[in-house]
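Single-structure report; data block below.
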Amino acid sequence: MIKQYFIQAWAQLRQQPLISAVSIAGTALSIFLIMLVVMMQQVKVAPFAPESNRDRFLHVRCMSIGNKSWGTSTSNGPMSVQTARECFQSLTTPEAVTIYSCLVASKPVSLPGQSATGIDLRETDDVFWHVFDFAFTDGKPYDKATFDAAQPVAVITESVSRVLFGTTKSVGREFLLGHAPYRVAGVVKDVSTLATTCYGQVWVPFTSTGLDKDVWSEGHMGMMSCTILARSRADFPKIREEVERRRLAYNTQIGEDGWELIYRNRPYDQEKNSIAYAANYEPDLKAERRERLIIFIILLIVPAINLSSMTQSRLRQRVSEVGVRRAFGCTRTEMLGQILAENLVVTLAAGIFGLLLSIAFAYLGNTILFAQPYSATVNPPAVDASILLHASTFGWALLFCFILNLLSSGLPAWRASRIGIVNALGGKLY
């Protein structure tokens, strides 16, 4: 039966090449646009190395602090190491909490006597390497003893290692970060810029640079963010409750001098964190989802209206065929199912073409499509195949194809199935 539907669908395509080409192109364009929207969202929330635990992440990128003397005004931005340790790294419910620089910084690296190369630097603690699953190809990450001792060591990517040393095996060798000597502790595979939380090209202990001393608001605010790794998503409510208790306790402590930390319902999960852009603003996740849903509906309905007209046009030329089949015992349900199935074959073919087109565009146009707002990186966005060629991507494509098929052929198929046998044999569609 399925093979017969394919044969009939192919025959219809060959009989009406112009209408068929327009139908496939319209469907492919619709799927193409929808999948671009899906992929732009997917790269923000889908787990991929070294952020394979995104479904268990809670983020505190920044916060606000107020003072009684300021009235309703607040200071907004990243936190200090002291605040991060007191309010988050002391939590007992999570599996781990890491503290790291809120942004990557563009820094020069070089060997003595050689020209410098710009890289993206991120400064972290030792827990960072437990929360994020980097793929080490040489050496290992710096440990707590090295971090506490503020030793000038670094983890670098394979690309940086090749630029500096001509090889990816460079553990133990020294280079200049700015003008300070650092020793390579480990080498990792290159990281996509779409891994926004942990991305970098060189990682060093923030104790070795003095970034932990860059503070303001009497040491409560600074240049740090943190990520909480929960044991499971089921622990999120418990973690948030413990976070709030720590905040109240910390505010009691600093409230003697008039200070108060304001979280605005942080920490955020991966999805909410991906749309958060300011410390003094809590993103509206429901509104964001509604906007995406409206976009999907528009991208489905507009081509569906056009495709419905084309489906109706094809059926006008098949009225006699419908009548003959009805005369030989084909039921209305069977007629309806056959027309839907034939149209679904065309829609799926166009959907696959649209999906491949969207993936190709994502690779070729990634600089524009995946551009990061307020990005400080020196590299354009890098698209990893594991991000785009995900099972959910194909699942979404198939779902949209199915919905588009129902929207575009459902009403014409229903009307065709309701045609009386006499009228159909006489060539009348109604």
Side-chain angles (χ1 to χ4, degrees), residues 30-48 51-64 74 76-78 102-103 192-199 225-230 233-234 236-237 239-240 243-244 262-303 354-355 358-359 361-362 365-377 381 383-384 387-388 390-400 403-404:
S30 177
I31 298 299
F32 165 68
L33 295 175
I34 290 173
M35 291 314 302
L36 287 185
V37 177
V38 170
M39 287 191 293
M40 289 177 66
Q41 172 63 18
Q42 187 177 30
V43 297
K44 297 178 182 179
V45 299
F48 62 92
E51 296 184 4
S52 300
N53 295 314
R54 278 181 165 182
D55 59 329
R56 295 193 287 142
F57 283 168
L58 287 172
H59 303 278
V60 185
R61 184 185 300 168
C62 49
M63 60 179 60
S64 301
T74 59
N76 311 292
C102 60
L103 295 172
S192 170
T193 53
L194 299 176
T196 53
T197 304
C198 68
Y199 167 76
S225 298
C226 77
T227 292
I228 302 168
L229 176 63
R233 288 189 65 89
F236 280 8
I239 292 173
R240 289 191 172 101
V243 165
E244 181 61 15
I262 303 169
Y263 289 175
R264 293 185 171 83
N265 291 319
R266 291 178 177 87
Y268 298 154
D269 64 13
Q270 183 68 31
E271 183 181 9
K272 193 170 183 177
N273 188 67
S274 68
I275 62 173
Y277 63 87
N280 59 337
Y281 170 79
E282 180 181 356
D284 190 338
L285 188 56
K286 291 183 178 180
E288 180 74 13
R289 289 173 175 172
R290 282 197 301 270
E291 289 178 6
R292 288 202 300 269
L293 180 60
I294 291 172
I295 292 174
F296 292 153
I297 291 174
I298 292 174
L299 291 176
L300 282 170
I301 289 180
V302 172
L355 175 62
S358 62
I359 293 176
F361 181 82
N366 56 57
T367 302
I368 299 173
L369 188 62
F370 299 117
Q372 305 294 319
Y374 314 111
S375 176
T377 67
V383 181
D384 192 323
I387 307 172
L388 300 182
H390 201 270
S392 61
T393 307
F394 293 95
W396 280 109
L398 290 175
L399 175 62
F400 290 132
I403 295 175
L404 188 59

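In this chain, residues are counted from 1 in sequence order. Keep in mind it's a predicted model, so treat the numbers as computed, not measured.
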Ignoring hydrogens, what is the shortest heavy-atom contact between [X] and [Y]? Give both atom names and the distance.
X      : Y      : answer
Thr196 : Arg54  : N-NH2, 4.4 Å
Leu36  : Ser358 : CD2-O, 3.8 Å
Ser52  : Pro47  : O-CB, 3.4 Å
Pro267 : Leu58  : CB-CB, 3.8 Å

> So, do Phe57 and Thr197 sit near enough that their side-chain heavy atoms are less than 4.5 Å apart?
Replying inline: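 No, their side chains stay 4.5 Å or more apart.
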> Would a 4.5 Å heavy-atom cut-off, applied to side chains only, mark Arg290 and Leu293 as touching?
Replying inline: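 Not touching, per the 4.5 Å side-chain cut-off.
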> Taking only residues two or more places apart in sequence, or in another chain, which ones meet Phe236 in a ring pair (Phe, Tyr, Trp, His ring centres under 6.0 Å)?
Replying inline: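 By the ring pair (Phe, Tyr, Trp, His ring centres under 6.0 Å) rule, Phe236 matches no residue at all.
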>> Suppose we screen for ring pair (Phe, Tyr, Trp, His ring centres under 6.0 Å). Which residues come up paired with Phe296, at least two apart in sequence or across chains?
In response: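 For Phe296, the residues satisfying ring pair (Phe, Tyr, Trp, His ring centres under 6.0 Å) (neighbours in sequence not counted) are Phe400.
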> Any donor-acceptor pair under 3.5 Å linking the side chain of Thr74 with the backbone of Asn76?
Replying inline: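 Pair absent, no side-chain N/O of Thr74 close to backbone of Asn76.
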Only counting residues at least two apart or in another chain, list the ones meeting side chain to side chain contact (heavy atoms under 4.5 Å, CB included) with [X].
X      : result
Arg266 : Val60, Cys62, Tyr263, Arg264, Tyr268
Ala234 : Ser232
Ala195 : Phe48, Pro50, Glu51, Val191, Cys198
Gln41  : Lys44, Val45, Glu271, Arg292

Out of curiosity, [X] [atom1] to [Y] [atom2], how far, rounded to the nearest 0.5 Å?
X      : Y      : atom1 : atom2 : answer
Leu355 : Ile31  : CG    : CD1   : 8.5 Å
His59  : Cys226 : NE2   : SG    : 10.0 Å
Met40  : Leu194 : CE    : CG    : 11.0 Å
Ile34  : Met39  : CD1   : CE    : 12.0 Å
Asn273 : Thr227 : CG    : OG1   : 7.5 Å

> Of all residues at least two apart in sequence or in a different chain, which pass the side-chain hydrogen bond (donor to acceptor under 3.5 Å, both in side chains) check with Gln42?
Replying inline: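 Per chain and number, Gln42 pairs via side-chain hydrogen bond (donor to acceptor under 3.5 Å, both in side chains) with Ser392, Thr393.
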> side-chain hydrogen bond (donor to acceptor under 3.5 Å, both in side chains) with Asp269: which residues, sequence neighbours excluded?
Replying inline: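 For Asp269 there are no side-chain hydrogen bond (donor to acceptor under 3.5 Å, both in side chains) partners, ignoring immediate neighbours.
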>> Can you tell whether the side chains of Glu288 and Lys272 come within less than 4.0 Å, N to carboxylate O?
In response: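 So Glu288 does not pair with Lys272 through a salt bridge.
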>> The criterion is salt bridge (Lys or Arg N to Asp or Glu O under 4.0 Å); which residues satisfy it with Arg240, sequence neighbours excluded?
In response: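 In terms of salt bridge (Lys or Arg N to Asp or Glu O under 4.0 Å), with neighbours along the sequence ignored, Arg240 is linked to no residue.
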